[in-house]
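Whatever order the structure lists ligands and atoms in, that order sets their numbers, starting from 1.
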Amino acid sequence: MTDHKKRTKAVHGGVRRSQYNEVSEAIFLTQGFVYDTAEAAEARFLKAGEDEFIYARYGNPTVAMFEDRIAALEGAEDGFATASGMAAVNGALTSMLQAGDHVVSSRALFGSCLYILEEVLTRFGVEVTFVDGTDLDQWASAIRADTKAVFFESMSNPTLQVIDIKAVSALAHAVGAVVIVDNVFATPVFSDAIAQGADVVVYSATKHIDGQGRALGGIILGKQEFIRGTVEPYMKHTGGSMSPFTAWMMLKGLETMDLRVRAQAMSAQLLAEALQGHKALKNVIYPGLSDHPQHDLAMAQMGAGGTVLAFDCGSQAQAFEVLNKLEIVLISNNLGDAKSIATHPATTTHQRLPDAQKDSLGITPGLVRLSVGLEDPADLVNDLMQALG
Ligand SMILES: *Cc1c(COP(=O)(O)O)cnc(C)c1O
């Protein structure tokens with residue numbers, strides 16, 4: 001498998017077949033596993049083998065298939081599947097940190113990520129320094145000899161800033177800090193994060209991996225020693241494991257993810273180009289446009305602009321008017337879905353940020369985030385055009 005390309009791994013990676021040799025992966029909806037003898041139970045609790053399971057919070061065959069499949073296509077040694085993307089972000093950070101540790105993070109983060117870094121970790125005595133993730137000088141001066149970890153979204157939500165994984169990793173590795181990347185907007189399809197220097201990659205599987213808006217899920221990917229030695233003990237005892245049914249959905253999602261995400265990214269590029277310069281808009285933000293401040297970096301790091309774009313309608317009233325006129329695009333807050341979804345970050349996903357922080361992150365009152373789905377792109381362009389009218 002290791003020589004195969006991503007698309008092949010996304011279809012065949014991690015398969016474990018039962019005695020029936022089924023083609024489609026089986027769902028093992030079981031929380032427990034039977035031991036032949038009391039001695040076998042004792043031995044398994046002491047050290048479980050590769051295909052030996054104890055309790056679904058610790059591991060399950062369907063969940064293990066999902067972990068192995070996505071680890072294979074991401075180029076990671078191992079992975080731990082979680083109940084949601086936030087369980088993955090929290091698990092990656094909390095499992096490795098303790099009071100007195102220092103973390104450097106980019107400030108442009110998804111609201112719940114910001115909550116973990118700003119409110120939860122600091123409550124337990126972890127010191128967190130926030131930087132503008134696109135400014136390498138700020139990373140260089142914030143990272144100290146005793147920095148334990150750096151954290152950032154490789155493409156930020158919702159303003160689509162792209163952060164240089166290679167350059168930030170080099171700065172972090174110079175002091176032995178662990179690089180944890182929330183890679184949701186890059187998607188596993190356009191990600192080469194581990195080869196570019198990330199030690200740990202985190203995904204919300206809720207987004208492009210499921211891709212059909214059905215279930216919450218997440219994954220923490222990294223070196224086997226980190227995943228099994230640091231993450232697994234924390235996750236299995238604190239209850240953030242993925243359910244087998246969800247793992248089965250995510251496994252099937254991975255099979256079509258490459259086709260879906262490439263089609264969505266092509267439509268996003270087309271929409272961004274169609275909207276660029278529209279007189280009702282102050283700007284269009286999309287890393288695939290040549291006027292995006294990190295366009296060259298996005299192309300080098302991901303090879304595409306991704307599936308999400310943003311545009312500024314000028315004011316909240318105008319943004320609401322556009323949202324309310326959309327006929328195909330839904331007003332909701334997921335992304336990476338087959339259905340195109342428009343979000344007003346300032347009043348929903350990023351509502352709790354103080355106004356000054358919204359300003360500094362570019363979350364303006366007129367900003368709309370658009371997650372591009374699988375509809376015909378011509379219909380989407382028409383829908384946006386009539387809404388902008
Ligand atoms: C959605 C999202 C998360 C959280 O994922 P959930 O599955 O909703 O818990 C974390 N980071 C980013 C960048 C996201 O977009």
Report all side-chain donor-acceptor pairs from residues 290-300 shorter than 3.5 Å, counting only partners two or more places apart or in another chain.
residue : atom : partner : partner atom : Å
Asp291  : OD2  : Gln276  : NE2          : 3.3
His292  : ND1  : Gln294  : N            : 3.0
His292  : NE2  : Leu160  : O            : 2.7
Gln294  : OE1  : Val162  : N            : 2.9
His295  : ND1  : Pro287  : O            : 2.8
His295  : ND1  : Leu289  : O            : 3.2

To the closest 0.5 Å, what do you measure between CG (Leu388) and CG (Leu281)?
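Atom-to-atom, Leu388:CG and Leu281:CG are 5.0 Å apart.
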Just checking Trp139 against Phe152, ring centres under 6.0 Å apart?
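Yes.
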Taking only residues two or more places apart in sequence or in another chain, which ones pass ring pair (Phe, Tyr, Trp, His ring centres under 6.0 Å) with Phe320?
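By the ring pair (Phe, Tyr, Trp, His ring centres under 6.0 Å) rule, Phe320 matches His344.
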Do Ser154 and Asn183 get their side chains close enough for a donor-acceptor pair, meaning under 3.5 Å?
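Present: a donor and an acceptor within the cut-off.
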Write down, by chain and number, every protein residue that brings a non-hydrogen atom to less than 4.0 Å from an atom of ligand 1.
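Its neighbours under 4.0 Å (heavy atoms only) are Ser84, Gly85, Met86, Phe110, Cys113, Glu153, Asn157, Asp182, Val184, Phe185, Ser204, Thr206, Lys207, Leu216, Gly217, given by chain and number.
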Which side-chain hydrogen bond (donor to acceptor under 3.5 Å, both in side chains) pairs, counting each pair once, include a residue from residues 318-330, with sequence neighbours left out?
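For residues 318-330, and leaving out neighbouring residues, the side-chain hydrogen bond (donor to acceptor under 3.5 Å, both in side chains) pairs sorted by first residue read Ser315-Gln318, Glu321-Lys325.
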